Amino acid sequence: MQNEVMFAGFGGQGIMLIGKMLAKAGLKAGLDVAWIPSYGPEMRGGTAYCTVVVSDRPIGSPIIVHPTNLVAMNRPSLEKFAPKVKKGGCILVNSSLIPIESGRDDVDEIHVPCNEIAISNGTAKAANVVALGAFVARTGICDWGLIEDAVKDNFAAKPKLIPMNMDCLSKGAESAKAQ
């Protein structure tokens, strides 16, 4: 089965980072993975995004126009990319910054207050990790232990940040499971 995920938000929200962490979890699972970042003028403050394709078979093209899933960290990203998500997919909305719904009734839409959860754990910078935890818990796109390992590996050079990020990952999952 092939799963395509678009992570989108403002430049600086850690969009590329959570895409990489999901890609690393997929690689550790022995799956075929493609991670495509979108860099450009939107890198500092505009809409930035990346796509991650995780598949149990060879990936025909890493370029995804209509992803299965969307993690939208800001309103412009939701408005731009939600219409492109495949029917039956999942849209995760960062309700801390997005006061609206996607307008789709043919997808699994989940609203998680990513920024509030991250702030309650010590820093708004971890809102991306909250979203990643919620998304993985909701979709089951990879084994939970693999995403935990990917987060730990990412922060290995700064071990003091690991406990807080692991807590944010878990609290994102709890929020997703509560809906």
Side-chain angles (χ1 to χ4, degrees), residues 5-25 35-52 67 69-82 85 90-103 107-139 141-142 144-179:
V5 186
M6 179 174 282
F7 293 96
F10 291 126
Q13 281 187 300
I15 300 302
M16 305 304 165
L17 178 62
I18 57 175
K20 281 184 187 179
M21 287 192 275
L22 180 60
K24 287 179 182 180
W35 172 75
I36 306 291
S38 171
Y39 294 105
E42 64 272 352
M43 196 169 170
R44 298 276 180 195
T47 300
Y49 67 94
C50 69
T51 56
V52 178
N69 307 289
L70 170 65
V71 175
M73 294 297 287
N74 66 357
R75 185 173 179 159
S77 297
L78 179 68
E79 291 172 343
K80 181 176 182 177
F81 298 118
V85 175
C90 177
I91 297 177
L92 186 140
V93 176
N94 176 8
S95 61
S96 297
L97 300 180
I98 307 171
I100 62 169
E101 296 189 3
S102 70
V107 296
D108 176 23
E109 185 169 329
I110 177 172
H111 292 254
V112 177
C114 300
N115 291 63
E116 278 92 346
I117 292 170
I119 289 167
S120 73
N121 276 7
T123 179
K125 291 181 179 181
N128 61 337
V129 177
V130 173
L132 181 63
F135 175 73
V136 170
R138 184 63 163 225
T139 63
I141 192 168
C142 69
W144 184 254
L146 294 175
I147 203 65
E148 286 180 322
D149 289 346
V151 171
K152 288 175 189 172
D153 290 349
N154 183 74
F155 293 102
K158 296 179 182 178
K160 290 191 293 188
L161 297 178
I162 293 174
M164 184 264 305
N165 278 282
M166 296 306 293
D167 196 38
C168 284
L169 190 74
S170 294
K171 289 205 169 128
E174 289 169 17
S175 180
K177 291 175 183 175
Q179 294 186 42

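Owing to the predicted nature of the structure, the values given are computational and were not obtained by experimental measurement.
- Distance check, rounded to the nearest 0.5 Å: NZ of K177 to CD1 of I110 gives 11.0 Å.
- Partners of F155 by ring-ring contact (aromatic ring centres under 6.0 Å, His included), not counting sequence neighbours: none found.
- Across all their heavy atoms, I98 and M73 have their closest contact at CD1-C, 4.0 Å.
- To the nearest 0.5 angstrom, Y49 atom OH is 10.5 Å from S77 atom OG.
- Note that SG of C168 is 10.5 Å distant from CD1 of I119, once rounded to the nearest 0.5 Å.
- D108 CG to R138 CZ: the interatomic distance, rounded to the nearest 0.5 Å, is 4.0 Å.
- Rounding to the nearest 0.5 angstrom, the gap separating the CG atom in L169 from the CD1 atom in I162 is 12.5 Å.
- A side chain to side chain contact (heavy atoms under 4.5 Å, CB included) with F7 holds for exactly one of N69, V52, L70, N128; it is V52.
- Listed here is the closest heavy atom pair of A156 and P159: O-CD, 3.5 Å.
- Closest approach of A134 and V112 over heavy atoms only: CB-CG2, 3.9 Å.
- Considering I141, T51, V136, I18 as possible partners of V5, the one that fulfils the side chain to side chain contact (heavy atoms under 4.5 Å, CB included) test is I141.
- A173 and W144 get closest at one heavy-atom pair: CB-CH2, 3.5 Å.
- Side-chain contact between N165 and M21 is absent, with no heavy atoms from C-beta onward closer than 4.5 Å.
- Shown here for C50 and G19, the closest heavy-atom pair between the two residues is SG-CA, 3.8 Å.
- Rounding to the nearest 0.5 Å places CD of E109 at 7.0 Å from CG of L78.
- Under the 4.5 Å side-chain criterion, counting only non-hydrogen atoms from C-beta, W35 is not in contact with K24.
- For the pair N94 and C114, the tightest heavy-atom approach, listed with the atom from each and the gap, is OD1-N, 3.2 Å.
- Side-chain contact between E101 and V93 is absent, with no heavy-atom pair separated by less than 4.5 Å.
- Listed by first and then second residue, the side-chain hydrogen bond (donor to acceptor under 3.5 Å, both in side chains) pairs that reach into residues 149-164 are K28-D153, sequence neighbours excluded.
- Of the possible donor and acceptor atoms, none in the side chain of S175 sits under 3.5 Å from a partner among the backbone N and O of K171.
- Inter-residue side-chain proximity for I100 and E79 is flagged as met; some heavy-atom pair is nearer than 4.5 Å.
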